[in-house]
Amino acid sequence: MAAVWRGLRSLPTWTLPLVLGLVLLSLPWFGLDFTLSRQIQLGCILALLVSGLNLSLGYAGELALGQVAMYAAGAYTAGLLATAGWTDLLLQLAAAGLAVVLVGVVTGMAGLRLGSLSLAMTSFFLILLIPDIVAIFEEHTGGRNGLAGIPAGTLLGRPVDPESFYFVVVAVLIGWFAVMRNIAASRHGVALQVLKQSPVLASSMGISVFRMKLLAYAVGAVPAGLAGVLFANLDLYISAEAFGFTMATTILAASILGGPMSVYGAAVGAAVMQAGPNQSSNFQQFALVFTGIFLIAGGVLLRGGLADLARKAVDRLDRAAGLKGRPEPEAGEAPDLPRIEGVELGVEDVSKAFGGNQALKDVSFRALPGRVTALIGPNGSGKTTLLNMISGFYRIDSGRVLVAGAPLKGAVPHRVARAGVARTFQTPNIPEGVTVLQAVASGRYSSDRVSLLSAVLRLPRFRRAARADLDEAGRVLALVGMGHLRDAEAVSLPLGMRRLLEVARSLVGAPGVLLLDEAASGLDEDEVDRLAGLIRRIRAAGGTVVLVEHNFRLVLDLADDIVVLAHGQVIAQGPPSEIAENPRVLSEYLGVDNEWGADHGTAAEFAGAAKTAEAPEEAS
Ligand code: ADP
Ligand code: MG
């Protein structure tokens, strides 16, 4: 039994969906009556709609209710083209795909620019508009009576009878799911998951939040447009009624039921909705009520939908078959870190006030390649604020930040990231639903850029970048001693490991400047040692490291230059030996901030530690 499971698990993950798709395709040979055939085709159409919603809701985290509007746009595009004599299905599919991307980009830009829930509202509004638009163009659309007598579709000049049309529908479904799977498995899929959970993290990785969301929304419109073409050619009749709220809620319910953050969950959710509430005409009048029930059941009982249940079941079987034990750290030398082209970071007279609170005042320092520059100071002294200014999250009131000599004037976070500045966060930011390896690899989003199209088509360029992503991520993971955890779920890690994962993620793109915000807090002794070792290697490899740290011993041990902040101002700057004996630093820590003293030992001890750090032979 276990052996059979292991054998099955060694197959590529797309095997099962492909087999199911082929079974669906071959059903007519086993005798398929008209009613069942029609139900399956409607189920496929619904699955396409749901899949598009999953892309924007499940992956990009934007509630876009406009699937139905895109569906209508596709259907009317096909209907009008056919009536005008353009009956070729490929032509209709292409035209509808283009039309909905256009509608998607235009409405998405408006909705996304306004932010928060406005995309949900604009897309919702689109549904309300459908009957009106249809009525306005009554002459062409048939208005309330619907568009009847659409000429049957043709394929490359040959008429397509209803039996053959079944194959067209299933083929479009299989084709789209292959596209969707390729998107989800690519770095863009991971980027979308990061974005959904934390726009801050996404932009710090070089992802433009606006463009990425727009992309998900516009690409998510494509299957809806295709579904519209199929629907128009299935019944050869369309009317605005088919594109109303019942349909919108059905799509939403199927998405939530199947699991919005899954590729194939869309097909499962659609199948359930099609076989259930949508099927019986007795239920039609109660359709909204039933859909509502499914929506609530899905939302309340099944977080993550049926797809999540399936994932858990697979996980359990894996464990039972001994495929997933508790992994042990592997022994052996950590791999080498390739050369990092560190660049100089210059902070010149930077000031920032939050209302009346002067968080930073005329802060200047330089961080050089091949050196660790530590930024220390009591809680609230402005360290995190300074990192946020450097990485573009806050606007600088006055002064400037230079990376490799070029000022980052008014730069937004994803541009700063692309200029080679990587960072970790004081509270680790770990995306859900990805493995440790994927989370680390996502840090390479701005290295060797790969378009969504080449990911969909799996072009050599994409394959090369994907291989490099995984190789690099694997190597850096081994460097932080987490190689054995590569396939674990990233969010399942304890705090210490999360921090190391963040460091690995920010390091994997070989950044010119690496900003670490309290990277050692919450780490156990062994993990601190590993982190310190890693930082030394980064320095040796030529990296520029800015280390915000509370652990004074670690700072004295690691830093080449120390910048001391208090109340938003630099009160001392210099090598560890000087800082540890600086009277102003000592009085600041001893006098003003007791917490610092209590948590981390007295300044006198620091001074002792500094001496020890300088003369390690004597200390032992
Ligand atoms: P540190 O990281 O050194 O502990 P911070 O940079 O987090 O300190 O905070 C410095 C000061 O700026 C604090 O007084 C804090 O309250 C204030 N501050 C930080 N971020 C904001 C913000 N987004 N809005 C208002 N005040 C802030
Ligand atoms: Mg802080």
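For this chain, numbers begin at 1 and follow the sequence in order. Each ligand, and each atom within it, is numbered from 1 in the order the structure gives. All values below come from the heavy atoms of this structure, side chains included, with hydrogens, waters and symmetry mates left out.
- Atom numbering of ligand 1 starts at 1 in the shown order; those under 4.0 Å from a heavy atom of N379 are 4 (O).
- Residue, atom and distance of the protein heavy atom nearest to atom 23 (N) of ligand 1 are Y394 OH, 3.1 Å.
- Checked by atom type, the side-chain pair S351/D362 shows a donor-acceptor distance below 3.5 Å.
- Neither the backbone nor the side chain of N388 comes within contact range of ligand 1; no heavy atom lies under 4.0 Å.
- The number of heavy-atom neighbours closer than 6.0 Å to CZ of R415, taken from other residues, nucleotides and ligands shown, is 12 or below.
- When each of R505, R475, R444 is paired with D469, the salt bridge (charged side-chain N to carboxylate O under 4.0 Å, His left out) condition holds for R444 and for no other.
- Nearest to atom 22 (C) of ligand 1 among the protein's heavy atoms is F354 CE2, 3.5 Å.
- When only modelled atom types and interatomic distance are considered, R499 and S521 share a side-chain donor-acceptor pair under 3.5 Å.
- When atom types are taken as modelled, the side chain of E549 and the backbone of A374 share no donor-acceptor pair closer than 3.5 angstrom.
- For residue N379, no N/O/S atom approaches the Mg ion (ligand 2) to within less than 2.8 Å.
- For atom 16 (O) of ligand 1, the closest non-hydrogen atom of the protein is N357 ND2, 4.0 Å.
- From the protein, the heavy atom lying nearest to atom 4 (O) of ligand 1 is G380 N, 2.8 Å.
- A salt bridge links R536 with D557; the closest basic N to acidic carboxylate O contact falls under 4.0 Å.
- At least one N/O/S atom of T384, from backbone or side chain, sits under 2.8 Å from the Mg ion (ligand 2).
- An N or O contact shorter than 3.5 Å is missing between A359 and ligand 1 by distance.
- Residue contact check: T385 has heavy atoms under 4.0 Å from atoms 5 (P), 6 (O), 9 (O), 10 (C), 12 (O), 19 (C) of ligand 1.
- Nearest heavy-atom pair, P369 versus T544, reported as atom, atom and distance to 0.1 Å: CA-OG1, 3.2 Å.
- With no hydrogens or angles considered, no side-chain donor-acceptor pair links D487 and T435 at under 3.5 Å.
- Within the listing of ligand 1, atoms 1 (P), 2 (O), 6 (O), 7 (O) sit less than 4.0 angstrom from a heavy atom of T384.
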